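Notes follow the structure.
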Amino acid sequence: MTSRGPGKRVRKAPAERRNEIVTTAARVGLTEGLECVTLRRVADELGVQAGLVGHYFPAADKLVAEAFTSATMTELDALLPEADEDAPPGTLRSFFRLISSAEFDNVSRLWLNARHLSRYRPVLREHVVEQELLWCRRIERVVAAGVAVGDFRCADPWVAAVRMLVAIDGTTAYINTSADHRAAATGDMVRTFAEAELGLEPGALDTPAVG
């Protein structure tokens with residue numbers, strides 16, 4: 001009597017397999033750091049041979065860069081959806097509430113990590129710059145919409161968007177060290193800065209307390 005071997009592995013379409021690799025790499029980078037994104041590590045996570053991952057990404061730096069982009073795009077779409085039906089002030093209230101929560105900590109760490117590694121990895125640097133511009137444009141779109149309907153007073157939505165993103169980066173620069181000691185002092189810093197930048201009264205972009 002012969003025993004049956006393991007079932008035949010289903011071959012995935014190239015696009016599906018590639019997306020699976022990038023998504024897995026993004027998860028590793030987001031939770032553990034981009035230095036942990038290697039062909040071997042991603043292959044182990046997927047239960048495949050490292051050669052399969054290498055087939056799609058012969059250079060690990062390309063996988064690291066795409067992992068960063070995948071993770072940050074997913075977060076951007078959650079923070080500032082492309083098709084958002086809220087009025088601009090409501091969109092920014094939600095945005096500032098989310099970025100000040102602990103749920104955003106891993107994203108802050110990822111950006112800090114990527115900007116450091118960008119000094120040595122040109123491919124990653126290109127992706128970081130592209131994502132910075134994309135995040136700024138997404139914020140600019142909301143600001144411009146608010147200016148158009150009279151909710152905000154702002155001479156240049158692009159400049160306001162850049163300044164807000166710089167403020168966000170500044171308040172998260174200590175995420176790996178003394179974040180706990182600075183949280184009370186900087187918790188609402190970005191929101192209050194944005195209110196001043198957009199000609200709003202203090203507290204206008206604060207999320208109302210529930211209950």
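Both backbone and side-chain heavy atoms feed into the values below; hydrogens, waters and symmetry mates do not. Note that this is a predicted model, so its numbers are computed, not measured.
Every salt bridge (Lys or Arg N to Asp or Glu O under 4.0 Å) that Glu132 has, sequence neighbours left out, goes to Arg115. With sequence neighbours left out, the side chain to side chain contact (heavy atoms under 4.5 Å, CB included) criterion links Ile99 to Leu79, Phe95, Phe96, Phe104, Ile168, Val190. With sequence neighbours left out, Glu35 forms a side chain to side chain contact (heavy atoms under 4.5 Å, CB included) with Asn113, Leu117. Taking Thr38 as the reference, Arg40, Arg41 meet the side chain to side chain contact (heavy atoms under 4.5 Å, CB included) condition, with sequence neighbours excluded. For the side chain to side chain contact (heavy atoms under 4.5 Å, CB included) test, residues two or more places apart in sequence or in another chain that qualify with Asp156 are Trp158, Val159.
The stretch residues 95-107 participates, sequence neighbours left out, in no salt bridge (Lys or Arg N to Asp or Glu O under 4.0 Å) pair at all. Among residues at least two apart or in separate chains, there is no salt bridge (Lys or Arg N to Asp or Glu O under 4.0 Å) pair with a member in residues 51-60. Sorted by first then second residue, the ring pair (Phe, Tyr, Trp, His ring centres under 6.0 Å) pairs that include residues 32-55, not counting sequence neighbours, number zero.
With hydrophobic clusters built from ILVMFWY side chains whose heavy atoms lie under 4.5 angstrom apart, Leu52 shares a cluster with Val28. Residues Leu198 and Val162 are members of separate hydrophobic clusters, defined by side-chain heavy-atom contacts under 4.5 angstrom among Ile, Leu, Val, Met, Phe, Trp and Tyr. In the hydrophobic cluster analysis, where Ile, Leu, Val, Met, Phe, Trp and Tyr join through side-chain heavy atoms closer than 4.5 angstrom, Val123 is grouped apart from Leu134. In the hydrophobic clustering of ILVMFWY residues, with side-chain heavy atoms under 4.5 Å counting as a link, Leu133 and Leu76 come out apart.
Rounded to the nearest 0.5 angstrom, Asp44 CG and Gln49 CD are separated by 9.0 Å. Between atom NZ of residue Lys12 and atom CD1 of residue Ile21 there is a gap of 9.5 Å, rounded to the nearest 0.5 Å. Here CD of Glu32 is found 10.0 Å from CG of Asn106. Values are rounded to the nearest 0.5 Å. Remark: Asp188 CG to Arg191 CZ distance equals 5.0 Å, nearest 0.5 Å. Going from atom OG1 of Thr172 over to atom CH2 of Trp111 covers 10.5 Å, rounded to the nearest 0.5 Å. Atoms CG and CG, from Leu92 and Leu205 in turn, are 6.0 Å apart once rounded to the nearest 0.5 Å.
Across all their heavy atoms, Leu110 and Gly29 have their closest contact at CD1-O, 3.6 Å. Ala173 and Leu112 get closest at one heavy-atom pair: O-CD2, 3.7 Å. Nearest heavy-atom pair across Ala167 and Phe193 is CB-CD2, 4.2 Å. The two atoms that bring Ser118 and Val128 nearest to each other are OG-CG2, 3.4 Å, heavy atoms only.
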Derivation and outcome, side chain to side chain contact (heavy atoms under 4.5 Å, CB included), residues Arg109 and Leu30: CA-CA 8 Å; Arg109 292 188 178 96; Leu30 190 62; over 6 Å; no

Side-chain donor/acceptor pairs under 3.5 Å, residues 58-75, sequence neighbours excluded:
residue	atom	partner	partner atom	Å
Glu66	OE1	Arg18	NH1	2.9
Glu66	OE1	Arg18	NH2	3.4
Glu66	OE2	Arg18	NH2	2.8
Thr69	OG1	Ala65	O	3.4
Thr69	OG1	His127	ND1	2.7
Thr72	OG1	Phe68	O	2.8
Thr72	OG1	Thr69	O	3.3
Thr72	OG1	Gln131	OE1	3.1
Thr74	OG1	Ser70	O	2.9

Expected list for residues 135-151: side-chain donor-acceptor pairs under 3.5 angstrom, two or more places apart:
residue	atom	partner	partner atom	Å
Arg138	NH1	Asp77	OD1	3.2
Arg138	NH1	Leu80	O	2.6
Arg138	NH2	Asp77	OD1	3.3
Arg138	NH2	Glu82	OE1	3.3
Arg141	NH1	Glu82	O	3.0
Arg141	NH1	Glu82	OE2	2.8
Arg141	NH2	Pro81	O	3.1

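Think of Tyr120 as one node in a network of Ile, Leu, Val, Met, Phe, Trp and Tyr side chains linked at under 4.5 Å; it has no links at all.
A 4.5 Å side-chain heavy-atom check between Arg27 and Glu45 finds at least one atom pair inside the cut-off. Proximity of Pro89 to Phe152: side-chain heavy atoms (C-beta onward) are separated by under 4.5 Å at one or more points. Taking 4.5 Å as the limit, some side-chain heavy atom of Glu195 sits within range of a side-chain heavy atom of Thr192.
Side-chain N or O atoms of Thr23 include none that pairs as donor or acceptor with a backbone N or O of Glu20 at under 3.5 Å.
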